[in-house]
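Okay, structure first, notes after.
Just so we're on the same page: letters track the sequence lines, and every chain starts at 1.
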There are 2 protein chains.
Amino acid sequence: MEKYFEVLCMCPLFRDIAHWELTKALRCLNARVFSFEKGEAVMNESEPAKYVGIVLTGSFQIVRTDFFGNRSMIANLIPGELFGESFACAGVEVVPVSVLASEAAEVMLIDCLKISHSCSNACQFHQQMIDNLLQIVAAKNLVLHQKIEVTSKRTTREKLMAYLMLQAKQFGSLEFEIPYDRQELADYLEVERSGLSAEIGKLRRQGVIEADRNRFKIYKPFDV
Amino acid sequence: MEKYFEVLCMCPLFRDIAHWELTKALRCLNARVFSFEKGEAVMNESEPAKYVGIVLTGSFQIVRTDFFGNRSMIANLIPGELFGESFACAGVEVVPVSVLASEAAEVMLIDCLKISHSCSNACQFHQQMIDNLLQIVAAKNLVLHQKIEVTSKRTTREKLMAYLMLQAKQFGSLEFEIPYDRQELADYLEVERSGLSAEIGKLRRQGVIEADRNRFKIYKPFDV
DNA sequence: TTTTGTATGTTGAAATTTCAACAGAGGGGA
DNA sequence: TCCCCTCTGTTGAAATTTCAACATACAAAA
């Protein structure tokens with residue numbers, strides 16, 4: 001378990017929990033680590049919402065697939081980030097999304113009830129974790145608001161530029177990589193892949209952006 | 001303040017807080033009540049995110065307006081519901097939405113810091129409120145997921161039917177009222193109002209739904 | 001009652017997206 | 001090296017949406 005300490009210390013769930021307490025905390029929480037191959041699911045749509053997951057290594061994607069097989073991409077998760085917390089905390093019966101490994105990856109799963117309920121050992125950190133959880137869930141809200149901001153645009157071009165500008169802002173540079181390939185980006189923007197490729201080509205020819213695989217560069221940030 | 005006790009008792013923020021403690025709590029929180037006319041804003045885009053609002057009477061809408069004046073509808077709020085909590089808890093500098101009264105309405109505003117920070121009077125309820133807040137923020141997440149589920153559909157018809165089915169499910173009946181007029185519904189679904197009206201007309205002629213103003217009835221729930 | 005204004009429905013043309021199909025590039029393995 | 005497979009870009013037709021404009025219904029105000 002110790003080999004994950006570095007990422008766990010960075011994890012917002014354990015913020016302000018003393019380093020020496022972490023081992024005890026993990027035991028008390030009955031935290032367990034699992035490995036996944038690319039494409040495997042940690043969590044499946046319609047499963048009960050019981051666990052909080054923490055990405056240890058690799059990356060995962062939160063996706064939702066509707067009745068007709070249409071996929072939407074909700075978010076990408078990197079080490080230190082959580083998933084499942086909102087559904088577990090809200091007490092829903094089933095999760096409305098799947099969480100899939102986008103490469104070989106490891107997660108730590110914790111029963112959410114163990115976080116909020118103090119154990120018989122009277123561990124001190126439960127309260128701190130609830131405070132942390134509140135901030136994490138609130139931050140997740142912002143991520144969803146951001147997706148809504150992007151996808152509420154009416155054309156593929158506007159959606160793409162809105163997304164790229166946000167990435168540039170978050171990355172602090174007009175040149176950056178995104179965590180999605182074309183199909184995944186299309187699923188995030190809620191548009192057709194072919195139409196997205198066409199639009200990227202057009203923006204490239206117009207000198208607005210440069211795009212190579214998942215690497216983008218914005219030349220004219222305001223020429224949307 | 002007492003006249004609002006009924007709605008405050010139903011408010012999830014005060015769940016499991018003793019009735020007799022409420023008066024004390026409201027004073028400790030420095031809770032204040034404000035009135036608004038239809039169309040007035042309690043909260044404006046780009047204002048600091050400091051307050052949690054509780055709807056006391058009337059109703060409000062959470063909307064977001066982009067650079068070009070395009071409006072999206074995020075949610076409708078009825079008495080007992082909260083707004084602003086996610087932004088305040090996440091500690092963002094500015095809120096990304098506006099909250100507007102959709103009729104004459106009253107809200108109670110509370111400085112979010114007063115909820116999480118115990119006061120000098122050593123009030124007991126702070127911890128309970130944080131627990132409550134966690135559930136509320138998590139539930140807000142589900143509301144956003146729901147909007148994404150609806151708006152991720154590609155056609156106006158699919159978006160509309162997805163929305164109506166969800167409403168029917170939540171209302172527990174195939175006949176129900178929605179809190180939006182046509183323009184507002186279009187803003188929620190992220191489509192053109194005229195196209196929405198046309199689609200409603202088509203569904204009506206096809207005998208799939210009945211629609212009169214904001215009252216809807218679904219005849220063939222699976223014929224999407 | 002008449003006037004005024006708002007909400008909703010309708011329509012046709014222009015713009016955009018979806019859909020299906022295929023071509024080329026590049027990587028990995030045999 | 002060759003083959004296979006995945007990813008990305010391209011294309012044209014069909015479907016859908018947007019946009020602007022106007023008609024109608026209804027309710028509130030004069």
What's the CD-P distance between B/Glu158 and D/dA15, to the nearest Å?
-> 15 Å
Of the candidate nucleotides D/dC19, C/dC19, C/dT17, which contains the atom at the shortest distance from the side chain of A/Thr155?
-> C/dT17
Rounded to whole angstroms, how far apart are CG on A/Leu189 and C1' on C/dT16?
-> 15 Å
Hey, is the main chain of B/Asn132 close enough, under 3.5 Å, to the side chain of B/Gln135 for a donor-acceptor pair?
-> no
Nearest-angstrom distance from the residue atom NZ of A/Lys153 to C1' of C/dT16 | 17 Å
List every contact pair, protein side and nucleotides 9-14 of chain D side both N or O, where the distance is under 3.5 Å.
from  : atom 1 : to       : atom 2 : distance (Å)
D/dG9 : OP1    : A/Arg204 : NH2    : 2.9
D/dG9 : OP2    : A/Arg182 : NE     : 2.8
D/dG9 : OP2    : A/Ser197 : OG     : 2.9
D/dG9 : N7     : A/Arg193 : NH1    : 3.1
D/dG9 : O6     : A/Arg193 : NH2    : 3.1

B/Glu184 CD to C/dA7 P, straight-line distance once rounded to whole Å = 8 Å
In chain order, what residues pass the salt bridge (charged side-chain N to carboxylate O under 4.0 Å, His left out) check against A/Arg71, with sequence neighbours excluded?
-> A/Asp187
Which nucleotide in D/dT18, C/dT8, D/dT16 has an atom nearest any side-chain atom of B/Asp181 = C/dT8
Could you state the CG-C1' distance from B/Leu160 to D/dT17, rounded to the nearest angstrom?
-> 15 Å
A/Gln183 has an atom CD; how far is it from atom C1' of D/dT6, in whole Å?
-> 12 Å
Could you pull out all donor-acceptor pairs under 3.5 Å where a side-chain atom in residues 78-94 of chain B meets a protein atom, sequence neighbours excluded?
from    : atom 1 : to       : atom 2 : distance (Å)
B/Glu81 : OE1    : B/Ile78  : N      : 2.8
B/Glu85 : OE2    : B/Phe83  : N      : 3.3
B/Glu85 : OE2    : B/Lys140 : NZ     : 2.7
B/Ser86 : OG     : A/Asn141 : ND2    : 3.0

Ring pair (Phe, Tyr, Trp, His ring centres under 6.0 Å) with A/Phe34: which residues, sequence neighbours excluded?
-> none
By salt bridge (charged side-chain N to carboxylate O under 4.0 Å, His left out), B/Arg64 pairs with (sequence neighbours left out) A/Glu149
Axis bend over the full length of the helix from C/dT1-D/dA30 to C/dA30-D/dT1, computed from five pairs that close each end, to 10 degrees = 30°
Got a sec, which pairs hit ring-ring contact (aromatic ring centres under 6.0 Å, His included) with one end in residues 183-212 of chain A, sequence neighbours left out?
-> A/Tyr163-A/Tyr188, A/Tyr180-A/Tyr188
Kindly list each side-chain donor-acceptor pair under 3.5 angstrom involving residues 195-204 of chain A, sequence neighbours excluded, with atom names and distances?
from     : atom 1 : to       : atom 2 : distance (Å)
A/Glu199 : OE2    : A/Arg157 : NH1    : 3.1
A/Arg204 : NH1    : A/Ala211 : O      : 2.4

Nearest-angstrom distance from the residue atom CG of A/Leu203 to P of C/dT16 | 13 Å
Describe, in one word, how the ring planes of A/Phe171 and A/Phe176 are oriented to each other, choosing from parallel (under 30°), tilted (30 to 60°) and perpendicular (over 60°).
-> tilted
Identify all side-chain donor-acceptor contacts of residues 35-42 of chain B below 3.5 Å with residues at least two apart in sequence or on another chain.
from    : atom 1 : to      : atom 2 : distance (Å)
B/Glu40 : OE1    : B/Glu37 : N      : 2.5

Spacing of B/Arg157 atom CZ relative to D/dA15 atom P, expressed in whole Å | 15 Å
